[in-house]
Amino acid sequence: MKRLSERLSQDVSKIYKESEVDFEAKWYLILELLNREKVLAITEISDSLGISHAAVVQFVDQLLDRKLIKTGLDKKDARKRMISLSPGGRKVLSELEPILKVIKNENRKWLNEADGDILNILNQLECALDKKSMYQRVKICLLEQTEGKNPKVRSKG
């Protein structure tokens, strides 16, 4: 999955470069989220996209360097950095719109070439992990194996 994701990201980044748009595919989700939500804290971006806080901070710094976003302090909690699109960010999203439409269409065609409904399968796998993470699955199995060998060992949680 990671290799496939990296290949797709590299291909899309090439398309952006050839279109002379100063943009990287890895930034898209954050910009699109900010476009919809207007202003968000880093933790809200992290939670919404399911990516680490550290990764969001890194992307935010890159986007700030490119002047695609702006930051301010939360009026209620000055420790929070509030992130929003800059006029430059809105302009880039607007420039990307025709490219994104083609990418979305080509993604749909490409996914239809597969024998199964991969999006449905991925959704099912994600839901299964929401119910019980891989950490929980492995930990339970290891504890059961340990308890089977040594009845005195107890789980702490």
key: Partners passing side-chain hydrogen bond (donor to acceptor under 3.5 Å, both in side chains) against Glu37 (at least two apart in sequence or in another chain)   = none

message = For a 4.5 angstrom cut-off between non-hydrogen side-chain atoms, does Lys75 reach Met82?
response = no

request  = Would you please name every residue forming a side-chain contact (heavy atoms from CB on, under 4.5 Å) with Met1, sequence neighbours left out?
outcome  = Leu122

request  = Could you grab the distance from atom NZ of Lys101 to atom CD1 of Ile103, nearest 0.5 Å is fine?
outcome  = 13.0 Å

remark   = Taken in chain and number order and not counting sequence neighbours, the residues that satisfy side-chain contact (heavy atoms from CB on, under 4.5 Å) with Ser52 are Ala54, Ala55

task = Using ring pair (Phe, Tyr, Trp, His ring centres under 6.0 Å) as the criterion, list what pairs up with Tyr16, not counting sequence neighbours.
result = Phe23

task = Examine Val60 and Leu73 and state if one hydrophobic cluster contains both, with Ile, Leu, Val, Met, Phe, Trp and Tyr joined whenever side-chain heavy atoms are less than 4.5 Å apart.
result = no

query = Are the side chain of Ser13 and the backbone N or O of Ser9 linked by a donor-acceptor pair below 3.5 Å?
reply = yes

ask   = Does the pair Tyr28 and Leu100 meet the rule for a side-chain contact (heavy atoms from CB on, under 4.5 Å), with working shown?
value = CA-CA 10 Å; Tyr28 174 73; Leu100 293 169; 3.3 Å; yes

message = side-chain contact (heavy atoms from CB on, under 4.5 Å), that's the test. Do Leu96 and Val92 meet it? Break it down for me.
response = CA-CA 6 Å; Leu96 290 175; Val92 165; 3.9 Å; yes

query = Can you name the side-chain hydrogen bond (donor to acceptor under 3.5 Å, both in side chains) partners of Lys109, sequence neighbours left out?
reply = Glu106

ask   = Of the options Ile69, Ile30, Leu29, which is the one that meets Phe59 in a side-chain contact (heavy atoms from CB on, under 4.5 Å)?
value = Ile30

message = Per the salt bridge (charged side-chain N to carboxylate O under 4.0 Å, His left out) rule, what does the pair list look like for residues 39-61, sequence neighbours excluded?
response = Asp61-Arg81

message = Using only atom types and a distance under 3.5 Å, with no angle test, would you say the side chain of Ser46 pairs donor to acceptor with the backbone of Ile51?
response = yes

query = Which pairs pass salt bridge (charged side-chain N to carboxylate O under 4.0 Å, His left out) with one or both residues in residues 12-23, sequence neighbours excluded?
reply = Asp22-Arg66

request  = If a pair satisfies salt bridge (charged side-chain N to carboxylate O under 4.0 Å, His left out) and one of its residues is in residues 125-142, list it, with sequence neighbours excluded.
outcome  = none

inquiry  = Nearest 0.5 Å, please: how far is CG in Asn107 from CG in Leu8?
reply    = 6.5 Å

request  = Could you give me the CA-CA distance, side-chain angles and deciding distance for Ile45 and Leu34, then say whether side-chain contact (heavy atoms from CB on, under 4.5 Å) is met?
outcome  = CA-CA 8 Å; Ile45 295 170; Leu34 290 172; 4.3 Å; yes

Between CD on residue Glu32 and CG on residue Leu49, distance to nearest 0.5 Å = 10.5 Å

remark   = In this structure, OG1 of Thr71 is separated from NZ of Lys80 (nearest 0.5 Å) by 15.0 Å

remark   = Value for NE2 (His53) from CD1 (Ile42), rounded to nearest 0.5 Å, stands at 5.5 Å

query = In the single-linkage hydrophobic clustering (I, L, V, M, F, W, Y; side-chain heavy atoms under 4.5 Å), do Leu143 and Ile140 co-cluster?
reply = no

query = Are Val39 and Leu63 in one and the same hydrophobic cluster, where Ile, Leu, Val, Met, Phe, Trp and Tyr link if side-chain heavy atoms are under 4.5 Å apart?
reply = no

Set of residues satisfying side-chain contact (heavy atoms from CB on, under 4.5 Å) with respect to Ser133, sequence neighbours excluded = Tyr135, Gln136

query = Is Met134 reachable from Leu142 through a run of hydrophobic residues whose side-chain heavy atoms are each under 4.5 Å from the next?
reply = yes

ask   = Does the pair Arg108 and Asn112 meet the rule for a side-chain contact (heavy atoms from CB on, under 4.5 Å), with working shown?
value = CA-CA 6 Å; Arg108 192 175 301 115; Asn112 286 335; 4.1 Å; yes

inquiry  = Once side-chain hydrogen bond (donor to acceptor under 3.5 Å, both in side chains) is applied, do any residues pair with Asp77, and if so which ones, sequence neighbours excluded?
reply    = Arg79

key: Same cluster (ILVMFWY, side-chain, under 4.5 Å), Leu68 and Ile15   = yes

Backbone of Leu64 reached by a side-chain donor or acceptor of Lys67 within 3.5 Å = no

request  = Apply salt bridge (charged side-chain N to carboxylate O under 4.0 Å, His left out) to the pair Glu95 and Lys91, showing each step before the final yes or no.
outcome  = CA-CA 6 Å; Glu95 291 171 355; Lys91 181 178 182 235; 3.3 Å; yes

task = Examine distances only and state if a side-chain atom of Ser19 and a backbone atom of Val21 form a donor-acceptor pair shorter than 3.5 Å.
result = no

ask   = For Ile121, which residues count as a side-chain contact (heavy atoms from CB on, under 4.5 Å) partner, sequence neighbours excluded?
value = Leu125

query = Can you name the residues that form a side-chain hydrogen bond (donor to acceptor under 3.5 Å, both in side chains) with Gln58, not counting sequence neighbours?
reply = none

inquiry  = Nearest 0.5 angstrom please: Leu129 CG to Gln124 CD, how far?
reply    = 12.5 Å

key: Ser94 side chain near Arg90 side chain, heavy-atom distance below 4.5 Å   = no

inquiry  = Quick check: closest heavy atoms across Leu33 and Ser48, and the distance to 0.1 Å?
reply    = CD2-CB, 3.7 Å

